[in-house]
Amino acid sequence: MPTEPRPEPADAAERRAAVPVVCYPPESLPAPPMALYDGLRVGMTRVAQLEIPARDARAFRVPAGHVLRISCTQGPQVGDLNLWNAHDLSERFYSGKTRALHGTHVTTGHRLWSGFPHLRPMATVIADSLGWYGFDADGAGVHDVIGTRCDPYTNARLGGAPFHRCCHSNLIRALAAETGLAPDAAEAHVHDVLNVFMCTGFTRDRHRYFTKASPVRPGDHLDLFAEIDLLCALSACPWGDCSGNSTDHARCHPLDVEIFAPAPGALDGWTPPEPAPYDRSHGL
């Protein structure tokens, strides 16, 4: 039998007034060695560079201890980034736990965490030229870990035509090209992304996910320190700067990727992080 909705209880105001509790106090996390990272950026040398074509993706590798810089070069453009352990694709970026530990958007000093059972930093944000943006009057911020990635399945559910140049499919093609995996095998490894340069939030009335024009401009960049050997894939989103809800009229631009090596001795004493120290017995 259908259940009638319950009326608002007499103590509704009291229940709503419960004090919020931060689930994972950030001060409990080991602090990243930002002084080390700052020093590293001073003497680093570029060892590789590639362009991510508009509305497409490329995969590339970043050795541990190196810096990945993603730059806006020709016009406002957002990108969808996947990260894997270069030696084990089962270890990959975990946007949900990154969000739980650092919040909905990341910036300098935040880390990009891998999934279970590893749960360790894969990369650390060490420079963000959009760090000034913060959160605007709409509650939006930049570099989000709340969105997923544009994909052909949702597009089909919403009544759209077949859509192959979406970020999900772009990332599949890039990973397949880099690893030699068949597309269906590569698809199983594509995961929720870091939305680089994307400006997003939730509406205040219905808490619906929204995008708005990215504040990124040519010259802006995000620097990530590779904590482990990384295989990366980056898609230059077909929504361009995400200022509209259609790709038909979106102005799209390429993104630039640079990889920098540390100066000799810059990382003396540094070691890649170990996986989470849990024995995986799960009470059995």
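- F116 and Y94 have perpendicular rings, their planes meeting at more than 60° on a 0 to 90° scale where under 30° would count as parallel.
- Side chains of H105 and V145 form no contact here, defined as non-hydrogen atoms less than 4.5 Å apart.
- Each of V106, L68, V125, L130 was compared with L222 under the side chain to side chain contact (heavy atoms under 4.5 Å, CB included) criterion, and only V125 meets it.
- Here D256 does not pair with R69 in a salt bridge; the nearest charged N to carboxylate O distance is not below 4.0 Å.
- Side chains of C237 and C150 form a contact here, defined as non-hydrogen atoms less than 4.5 Å apart.
- Checking Y133 against D128 by side-chain atom types alone, no donor-acceptor pair falls below 3.5 Å.
- The residues R58 and E51 are annotated as not salt-bridged, no charged nitrogen and carboxylate oxygen being separated by less than 4.0 angstrom.
- The distance from the CZ atom of F93 to the OG1 atom of T98 is 4.0 Å, given to the nearest 0.5 Å.
- By the 4.5 Å heavy-atom criterion applied to side chains, V78 and S214 are counted as neighbours.
- Minimum interatomic distance between C252 and G240 (heavy atoms only, all atoms of both residues): SG-N, 3.6 Å.
- Residues P262 and M44 fail the side-chain proximity criterion, which asks for heavy atoms closer than 4.5 Å.
- Distance check: H143 NE2 to T108 OG1 gives 8.0 Å after rounding to the nearest 0.5 Å.
- Using a cutoff of 4.0 Å between basic side-chain nitrogens and carboxylate oxygens, E178 and R61 are scored as salt-bridged.
- Ring planes of W84 and H191: perpendicular class, angle over 60° (limits at 30 and 60°).
- To the nearest 0.5 Å, atoms NE2 (H66) and CG (L267) are separated by 9.0 Å.
- Atom CG in L255 sits 11.5 Å away from atom CG in D56 (nearest 0.5 Å).
- At least one donor-acceptor pair closer than 3.5 Å links the side chain of D144 to the backbone N or O of I146.
- At a threshold of 4.5 Å between non-hydrogen side-chain atoms, the residues C167 and P238 count as touching.
- The closest side-chain heavy-atom distance from F60 to V257 is below 4.5 Å.
- Side-chain atoms of S246 come within 3.5 Å of backbone atoms of D248 as a donor-acceptor pair (strictly under, hydrogens ignored).
- For E258 (side chain) and Q49 (main-chain N/O), no donor-acceptor pair under 3.5 Å exists by modelled atom type.
- Applying side chain to side chain contact (heavy atoms under 4.5 Å, CB included) to L231 and the options T179, V62, D88, N82 leaves one that passes, T179.
- Across A174 and A233, no two heavy atoms sit closer than the pair CB-CB, 4.5 Å.
- Here the side chain of N155 pairs a donor or acceptor atom with the backbone of A161 at under 3.5 angstrom.
- If you take CD1 on I228 and CE on M122, they are separated by 4.5 Å, rounding to the nearest 0.5 Å.
- Side-chain atoms of S114 come within 3.5 Å of backbone N or O of R120 as a donor-acceptor pair.
- Looking at heavy atoms from C-beta onward, F197 lies out of side-chain contact with P215 at the 4.5 angstrom threshold.
- Residues T211 and M198 meet the side-chain proximity criterion, which asks for heavy atoms closer than 4.5 Å.
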Could you walk me through whether W270 and Y37 satisfy the ring-ring contact (aromatic ring centres under 6.0 Å, His included) test, starting with their C-alpha distance in whole Å, then the side-chain angles of each, then the deciding distance to 0.1 Å, before giving a yes or no? CA-CA 11 Å; W270 174 84; Y37 299 148; 8.0 Å; no
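- The main-chain N or O of S28 is never found under 3.5 Å from a side-chain atom of Y24 such that the two would form a donor-acceptor pair.
- For the residue pair S90 and H189, no side-chain donor N or O sits within less than 3.5 Å of a side-chain acceptor on the partner.
- In this pair, H102 and H110 present their aromatic rings parallel. The plane angle is below 30°, not in the 30 to 60° band.
- Checked against I70 for a side chain to side chain contact (heavy atoms under 4.5 Å, CB included), the options L234, L194, I52 give a single hit: L234.
- Electrostatic pairing of D241 and R251 does not count as a salt bridge here, judged by no charged N lying under 4.0 Å from a carboxylate O.
- Taking the charged nitrogens against the carboxylate oxygens, K212 and D136 do have a contact shorter than 4.0 Å, which makes a salt bridge.
- For the residue pair T203/R208, the side-chain donor-acceptor check at 3.5 Å is not satisfied.
- Rounded to the nearest 0.5 Å, atoms CG (N170) and CG (D80) are 9.0 Å apart.
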R41 and I126: side chain to side chain contact (heavy atoms under 4.5 Å, CB included), yes or no, with the steps? CA-CA 9 Å; R41 293 181 69 243; I126 61 172; 3.6 Å; yes
